[in-house]
Each structure stands twice: as C-alpha cells, then as structure tokens.
Amino acid sequence: MTVSTVGAILLALSSTGIGIWMGEREKRKAKDCLFFFRLSCHLHKEIVYRKCSLSDCFLSFDGISDMGTHEKFLIHTLAKGEYDAAMAEAALPLEVKKELAVFWKELGKGNILEEDVKCKAIMQFLKDRNQIQKEQTANSVKVFKTLGGCIGAVLLLLLI
Amino acid sequence: MNVQETLKTHLPSCLYCLLENTADVEELRMRRGCRVLLRAGGILISTALLCTDDLMEETLSLVTDRSFYKHAETLKEGYISLSCGIRVGIAGTAITTGTNVDSIKDITFLSLRIPGCIPGVADPLIGKLKQYDFRRGALLYSLPGVGKTTVLRECARFLSGRLLLATALIDTRNELSFSLEHCPALTVYQSYPKAQAVEMAVRTVSPDVIILDEIGEKECAALLETAPSGVPVVASAHGKCIADLVARPSLKRLLDEGVFPILAGLNRKGKQMEYIFS
C-alpha cells in the first residue's frame with residue numbers, strides 16, 4: 001500500500017469523523033435545550049412553591065436529575081451565580097443563549113408573583129425552542145453524518 | 001456556619017476585609033454614594049471605602065442570596081435575617097397600597113448588625129429576677145443599639161441552660177436565638193408573629209418564663225391576655241426613660257397591671273453596660 005493510499009484513507013476517515021462530530025454537536029444542542037427546559041421547570045417549582053434561595057434551587061436539581069459531568073458543571077456554575085461562564089459552556093443556539101442571559105439577569109430580583117411570570121415565560125420559550133431543536137437535530141444529524149461519509153468516500157475514490 | 005463564615009459568604013470581599021481588620025465591629029452602615037461606616041464600641045467610624053452603586057448592588061445580591069422573593073415579607077418590614085443572628089436593615093422607596101407596604105425599590109441604605117455574645121452581661125438582671133424567685137417578669141428598656149437583645153439572649157442562656165427553667169424564646173427576627181443551640185430547656189419560636197407565639201407558648205409548651213424582644217401594641221395586647229396564666233415575661237422595649245414607656249398606652253396598661261414588676265433601663269459607656277432598676 002502506497003503512502004498516498006494511506007493518506008487518502010486517513011482523509012476519508014477524518015471527513016467521516018468531522019461529519020459524525022458535527023452531528024454529535026447538534027445532538028448536544030438538543031440535549032442542553034432539554035436540560036435547560038427541565039431546569040426552568042424545577043426553578044419555577046422551587047421558587048414559587050418552596051421559596052428556596054437560588055443556589056439551593058440549582059443544587060437541588062443536581063440531586064433529583066441523572067446528569068453527566070457537563071450538566072453537573074453547568075448546575076454548579078449557575079449555583080455560584082456565574083451565569084456567563086455557564087452560558088459559555090452550554091451548547092445552545094445563540095438566540096436561546098441570549099434569552100437565557102436576560103432571564104438570569106432578572107432572576108431572583110422580584111417578588112414571588114414576578115418570579116412566577118418570569119419562570120413561566122422562559123419555560124414556554126424553552127419548550128417551544130426544544131421542540132424546534134429536536135426536529136432540527138433529527139435532520140441535521142442525518143445530513144452531517146451522510147455528508148461526512150459521502151465526502152470521505154468521494155475523496156477516497158478521487159485520491160486512489 | 002459561624003458569624004465569620006456567614007459574613008464571608010454574604011458580603012463582598014472588600015466589606016468583609018473591612019470588618020476583619022477592625023476590632024469589635026457591631027454594625028456596618030452603607031449609603032449609596034457615601035463612605036461606608038462602622039460602629040465599634042458604640043461609636044461610628046468613617047472608612048475610606050465608598051459605597052458605589054456596584055458595591056450596593058453586589059452587597060444586596062449577596063445578602064439576599066440573589067433571591068429577593070425569599071425575603072419579600074421581611075423586606076416589607078425593612079430587614080433581612082441572615083443566619084447566626086445577623087440582621088440587615090434596609091431602606092429605600094416603598095411601594096404602597098394605602099398604608100400597606102407592598103414592596104421596596106431603589107434601596108439606598110443598608111445596615112448590617114452583627115450580634116455579640118458578652119458573657120455575664122445579664123447578671124444584674126438575673127440577680128433581680130432571682131429576688132422574685134424567677135416568678136415575676138421584667139421589662140428592659142433603652143435606646144436602639146444599646147444591647148437589649150444581647151442581654152435578653154444571655155438571660156435566656158442562663159435561665160434555660162444553667163437553671164433549666166423551661167424558657168420560651170420568641171424570636172421573630174431570627175437574631176435572639178443565635179448561639180443558644182445547646183440550651184436544653186429552651187423552646188424557640190422562630191419567625192412566628194410575636195403576639196401569636198406568646199399565646200401559643202402559654203397554651204402548648206408550659207413555659208416557666210417567656211422571653212421576647214421589642215414589644216409593640218399587638219404584643220402588649222397578647223401579654224395582657226396571657227398575664228392571668230402567671231407565666232413571667234422578660235421583654236424589651238425602646239425608650240430612654242420610664243416616661244417614654246408610659247407614654248405608650250398599651251405599655252402603660254401592662255405596667256399598671258403589674259406584668260413587669262422589674263423595670264431595667266440600659267445604658268452603655270464603651271463596652272460597659274449600666275443598669276438602672278426601678
């Protein structure tokens with residue numbers, strides 16, 4: 001096997017790999033969207049019905065939900081009030097990040113009624129966005145994986 | 001969590017350093033745009049630190065745990081209770097409906113009072129109560145900030161910890177019961193409305209003595225109601241002299257009924273507490 005053949009195979013593999021990676025990134029967006037939707041529901045419940053402090057609200061979500069290290073990091077960063085750091089780490093579409101940034105900025109600054117309204121608004125927004133993201137992800141993952149695989153195969157054929 | 005840890009958690013680092021570097025701080029006072037003041041030994045001291053808008057916002061965010069809604073009820077009454085008996089007094093612009101305060105906005109002033117434990121500070125009062133075999137009540141009066149709460153706390157510690165007298169402590173603002181965790185004969189009514197807690201204590205926990213801070217009109221009515229039960233009450237009220245006390249009709253009635261045979265005025269000179277009994 002010549003060096004060019006090995007190179008071609010490697011290129012084809014990387015192209016397929018990139019396709020898979022981009023697909024996974026889309027999946028993570030959907031996963032994070034769902035995560036923030038569930039978190040907003042939890043915050044609403046804890047604030048309105050239990051009047052817990054924000055840090056307790058976030059940390060109690062850690063206990064009730066089965067989470068990976070990424071989600072745990074987000075929760076503990078949010079609990080410390082480091083919203084910007086959490087948003088930088090979260091894999092979310094830009095518009096969701098912007099909406100959440102406004103929500104974090106205002107969260108905890110009003111009375112129970114105001115917090116109720118804020119939480120319900122963000123819950124609805126995330127619910128809708130979650131649905132859209134779900135559909136987008138299902139299509140994008142297929143597209144990215146297929147495209148990556150196809151480009152890889154074409155490159156392999158051309159180079160060999 | 002102890003007082004130092006609570007302060008570290010609930011204050012910006014610059015304010016915490018300020019407190020740490022000054023001895024015997026009793027109070028920290030901040031007003032937007034002015035220098036931060038500290039009270040130590042009863043005297044206000046100006047510091048070099050300016051209370052900027054950012055510093056005020058950060059402090060408010062930390063003392064409320066970024067959760068204003070959690071403190072909405074006490075904020076209406078102008079304070080926030082932190083753990084370890086620390087009380088944060090807050091003033092700003094009230095949002096009202098008629099005469100009721102619904103909420104508070106544009107907070108411009110904040111005063112953080114740090115509780116003190118002075119062993120033996122209540123000894124003269126306890127001595128007086130002992131003369132009556134702990135069967136009669138006492139009213140402690142002084143101007144604000146002199147140390148009524150500290151005296152009542154030490155009194156509760158002695159009565160319920162040493163003498164094992166069943167003591168009901170009415171602690172509406174979560175500052176009176178600080179550091180009294182190891183008093184076996186103590187029943188703490190935390191965050192209850194005072195008047196309601198007095199009636200509840202008499203009916204349900206058979207106290208030998210009831211201790212409560214800063215009695216007002218509602219509490220006087222409740223005390224009058226429960227006076228026939230014979231449970232002695234040790235309470236405090238704001239006032240410079242007895243004339244200030246009797247000027248309030250509800251308090252005058254209590255005094256006339258003999259609920260408080262012991263009247264103890266408090267004065268402070270530096271760290272020394274003086275009692276005036278009558």
Side-chain angles (χ1 to χ4, degrees), chain A residues 36 39-64 73-90 99-123, chain B residues 1 5-16 32 53-84 86-88 90 92-97 100-108 110 174 190-192:
Chain A
F36 277 100
L39 178 63
S40 66
C41 296
H42 178 74
L43 286 178
H44 176 251
K45 185 189 75 187
E46 293 291 299
I47 291 172
V48 176
Y49 300 110
R50 295 188 62 207
K51 286 190 187 177
C52 288
S53 67
L54 279 186
S55 50
D56 289 343
C57 292
F58 285 119
L59 293 174
S60 61
F61 189 60
D62 187 5
I64 60 159
F73 171 80
L74 290 178
I75 282 295
H76 288 270
T77 315
L78 289 168
K80 281 187 255 172
E82 295 166 4
Y83 299 129
D84 292 343
M87 287 299 96
E89 186 62 24
E99 197 69 29
L100 277 172
V102 175
F103 175 65
W104 300 136
K105 203 178 163 190
E106 292 301 316
L107 188 65
K109 290 185 178 168
N111 58 28
I112 289 292
L113 291 175
E114 288 164 344
E115 294 305 320
D116 186 31
V117 171
K118 277 183 232 166
C119 287
K120 277 181 179 161
I122 199 76
M123 274 159 68
Chain B
M1 210 186 262
E5 283 168 356
T6 308
L7 290 172
K8 202 171 182 179
T9 321
H10 290 94
L11 285 178
S13 50
C14 57
L15 286 177
Y16 178 70
R32 250 179 233 268
D53 286 347
D54 286 346
L55 182 62
M56 183 58 107
E57 293 305 326
E58 193 187 350
T59 312
L60 282 170
S61 170
L62 287 171
V63 294
T64 56
D65 230 348
R66 294 181 283 125
S67 319
F68 261 67
Y69 55 85
K70 194 182 161 191
H71 306 279
E73 288 307 311
T74 59
L75 270 170
K76 284 182 199 173
E77 293 177 37
Y79 74 96
I80 290 172
S81 287
L82 304 184
S83 53
C84 296
I86 300 169
R87 190 176 78 188
V88 185
I90 279 174
T93 309
I95 301 165
T96 55
T97 310
N100 291 333
V101 177
D102 291 336
S103 185
I104 183 167
K105 64 173 185 176
D106 304 334
I107 294 168
T108 51
L110 194 147
N174 302 336
Q190 207 155 27
S191 305
Y192 284 77

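Just so we're on the same page: letters track the sequence lines, and every chain starts at 1.
No hydrogens or angles considered: nothing links the side chains of Thr96(B) and Asp102(B) as a donor-acceptor pair under 3.5 Å. Side-chain atoms of Ser60(A) and His42(A) include a donor-acceptor pair closer than 3.5 Å.
Under the 4.5 Å side-chain criterion, counting only non-hydrogen atoms from C-beta, Leu82(B) is in contact with Val88(B).
Of residues 44-54 of chain A, those residues with a non-hydrogen atom less than 4.5 Å from any non-hydrogen atom of chain B are, in numerical order, Ile47(A), Lys51(A), Cys52(A), Ser53(A), Leu54(A).
Residue contact with chain B, scored on non-hydrogen atoms closer than 4.5 Å, involves the backbone of Leu107(A) exclusively.
Look at Lys118(A) and Glu115(A) and you find a salt bridge, because one of the NZ, NE, NH1 or NH2 atoms lies within 4.0 Å of a carboxylate O, short of that distance.
Ser61(B) places no side-chain N or O within donor-acceptor distance of the main-chain N or O of Glu57(B), the cut-off being under 3.5 Å.
Among Leu62(B), Leu7(B), Thr59(B), the one residue that satisfies the side-chain contact (heavy atoms from CB on, under 4.5 Å) test with Leu15(B) is Thr59(B).
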